[in-house]
Structure formats: structure tokens, C-alpha cells
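One structure is given here, and the rest of the page talks about it.
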Amino acid sequence: MSLSNDSNKFQDKLIVRGLSTRSVVGGDHWNRPRLQPITLDIIFFTSIETCGETDQLVHSVSYSDLASQSIAIAEKGIHFSDLELANKICSALLTAYNGHKVTVCIHKPSGLLHAEVCGIEVSRTSTNMIPLVEDHTLSVPASFLEEDRVFVEKLRISAIIGIHPWERAAKQMIVFYLTLHPGLSGTSPKDVRDVVGTISELIATSEFLTVEALATTIAKTTIVTCGHSKVTIRVEKPSALAFAEGAACEITRNAAFFGI
């Protein structure tokens, strides 16, 4: 038995989801290099064709090996950014297990003061990974690629928003989800902490009537002021409907949309 298209054989995936560990990576709530909890999602692209036929693990890669290798890298030393750690894990797994492609997603619940989680997702292949040198150090500094994404989930900020008289009388909690694509920007855009700081100041003093206008303004600020080429923003009002957890608007905008 064989695949008719050899290029498809690496579409099989071994997945480790929600792997909990701790690491000194980037900054904590207060942007300090401190040990903090992180969660890893790992997707290892390979071919399980032979293992599927023989039912012998020796013909595949053990997900426990993927997990233990990733934890060992995360817990060792200081990683100056989420991007650095993600690249180290990708390179180590690709090298150790002769992989074709690896996707690593890092979730940091202590990464931003007012957000439930922030993080990064990167994919690297055997052709674009950064080789590791001694002590699991990258041979050159990591940089963003086009498909990389940086995300913030459940950023909570209070502001005036809404069309009803009672909504104009007091601030209400608004929840934001933000996805950035730094690898698409030709220049060096602001990092996620600076972006969140910029839009937080904007939101806190705003008095929009609609989530649509607020989302558009955040997207424009992220692109025009913060230098990003593409952003996805969701604005959610938890108090909008009595019997719903939230009512939201989500948009994706790029620089061309704003004539840049």
C-alpha cells in the first residue's frame, strides 16, 4: 500500500495538546523575566503509513518523546522571547525525529496583566528551521515568518459603549481577542505588549456606539500606529444580552484596506 502522491505522505500528524510546563520565557505580567506557567500545543507532521500497517511504535514517533523533549527545552535556561522558545522546540523536534514540519503553539496565562492568555504559534520545516548549536541555542536570532501568528485572548477593558441610554451612563466590561501576523510586515512592528498598551489607552477613553466602529478603530490603530500589516480583532460585550455569554463583532483587516 502506498500513497499516490508522495507529497501527501507528510500530512499525517502526531499531536500533543495542552502540555503544561513552566519556563522563563519573555516577560511575565509586569514584563519581568520570571519563571511562569505555559501550555504547549505541538503538531508533528510525518508519515504514519508504515506504523499503520505494522502496528509497531518503532515505525513512528512516540508522543511521549515529543512531550519530554519540548518540556526539557522549555524548562532549561532563559528564553528572551516566545518566538525564540518556539523556534528552539521546532528545531529540536525536527532534528531529533527527522520531521518534515512542526507547529508549536505557546500559551502564556501570565504574559499580560489584563488578558487571560497570550502567546504565539509558529510552523517550521526541515528547510526553514534555525539549526541549534550547543546547549539548545539557536545558531542565529529567530525572526517571524509569514504564517506565524501572535495572539491575545480575553483582554478585559472597561469603556463606554452602546446605543442605549443606560449604556452611556457607566462603563461596562469589554472583552477583546487579537491576532497579529508580524511576519507579513516589511518593517519592525510593535511587539504585542506595546500593541496592547496602545489600544488599551484608546479603548479606555472611547465612547463608541457600536462594536463595529470600535473594532475598526482598533484594527486601524494596530496597522497605522503600531506598524502591523494584518490584524484580526474580536470585540465582545458580555453584558449585551441577558441570556447569552456575549455578543461580538470580529473583523480581519490589512494595510491595503486602509490605503497603506
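Note that this is a predicted model, so its numbers are computed, not measured.
K171 and I160 get closest at one heavy-atom pair: N-CD1, 3.6 Å. Closest of all the heavy-atom pairs between I106 and F151 is O-CZ, 3.6 Å. The shortest non-hydrogen separation linking S123 to E147 is O-OE2, 3.6 Å. Closest heavy-atom contact between Q172 and I161: NE2-O, 2.8 Å. Contact between M129 and S91 at its shortest, heavy atoms only, is CB-OG, 3.8 Å. Across S185 and S229, no two heavy atoms sit closer than the pair OG-N, 3.1 Å.
Considering S20, C105, S23, S70 in turn, S70 is the only one that fulfils the side chain to side chain contact (heavy atoms under 4.5 Å, CB included) rule with L40. When each of K108, R149, K88 is tested with D82 by the rule salt bridge (Lys or Arg N to Asp or Glu O under 4.0 Å), just one qualifies, namely K108.
In R22, the CZ atom is not crowded: 12 or fewer heavy atoms of neighbouring residues, nucleotides or ligands sit closer than 6.0 Å. Annotation: R17, atom CZ; neighbour count of heavy atoms from other residues, nucleotides and ligands within 6.0 Å does not exceed 12. At most 12 heavy atoms of other shown residues, nucleotides or ligands fall within 6.0 angstrom of atom NZ in K220.
In this structure, N128 contributes its side chain and R124 its backbone to no donor-acceptor pair below 3.5 Å. R34 places no side-chain N or O within 3.5 Å of a backbone atom of H29 that could act as its donor or acceptor partner. For Q36 (side chain) and P109 (main-chain N/O), no donor-acceptor pair under 3.5 Å exists by modelled atom type. Although no hydrogens or angles enter the test, the distance criterion places no donor-acceptor pair under 3.5 Å between the side chain of H59 and the main chain of E53. Listed for the D28 side chain is no donor-acceptor partner under 3.5 Å among the backbone atoms of G111. Under a 3.5 Å cut-off, the side chain of S68 and the backbone N or O of S64 do form a donor-acceptor pair. Side chain of D12 to main chain of I48: a donor-acceptor pair is present (N/O by atom type, distance under 3.5 Å, no hydrogens or angles).
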Evaluate I233 against T222 for side chain to side chain contact (heavy atoms under 4.5 Å, CB included), listing each step before the verdict. CA-CA 10 Å; I233 178 74; T222 303; over 6 Å; no
Would you sort out whether R234 and F176 count as a side chain to side chain contact (heavy atoms under 4.5 Å, CB included), showing the intermediate values? CA-CA 6 Å; R234 183 197 302 179; F176 300 87; over 6 Å; no
I'd like to know whether L85 forms a side chain to side chain contact (heavy atoms under 4.5 Å, CB included) with I73, so could you lay out the CA-CA distance, the side-chain angles of the two residues, the decisive distance to 0.1 Å, and finally the verdict. CA-CA 8 Å; L85 175 56; I73 294 171; 4.0 Å; yes
Passes side chain to side chain contact (heavy atoms under 4.5 Å, CB included), L178 versus V231? Steps please. CA-CA 7 Å; L178 181 73; V231 59; 3.5 Å; yes
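The distance between the ring centers of H181 and F144 does not fall below 6.0 angstrom.
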List the atom pairs, with distances to 0.1 Å, where a side-chain N or O of residues 236-248 and a protein N or O form a donor-acceptor pair under 3.5 Å, not counting sequence neighbours.
| from | atom 1 | to | atom 2 | distance (Å) |
| --- | --- | --- | --- | --- |
| K237 | NZ | E167 | OE2 | 2.8 |

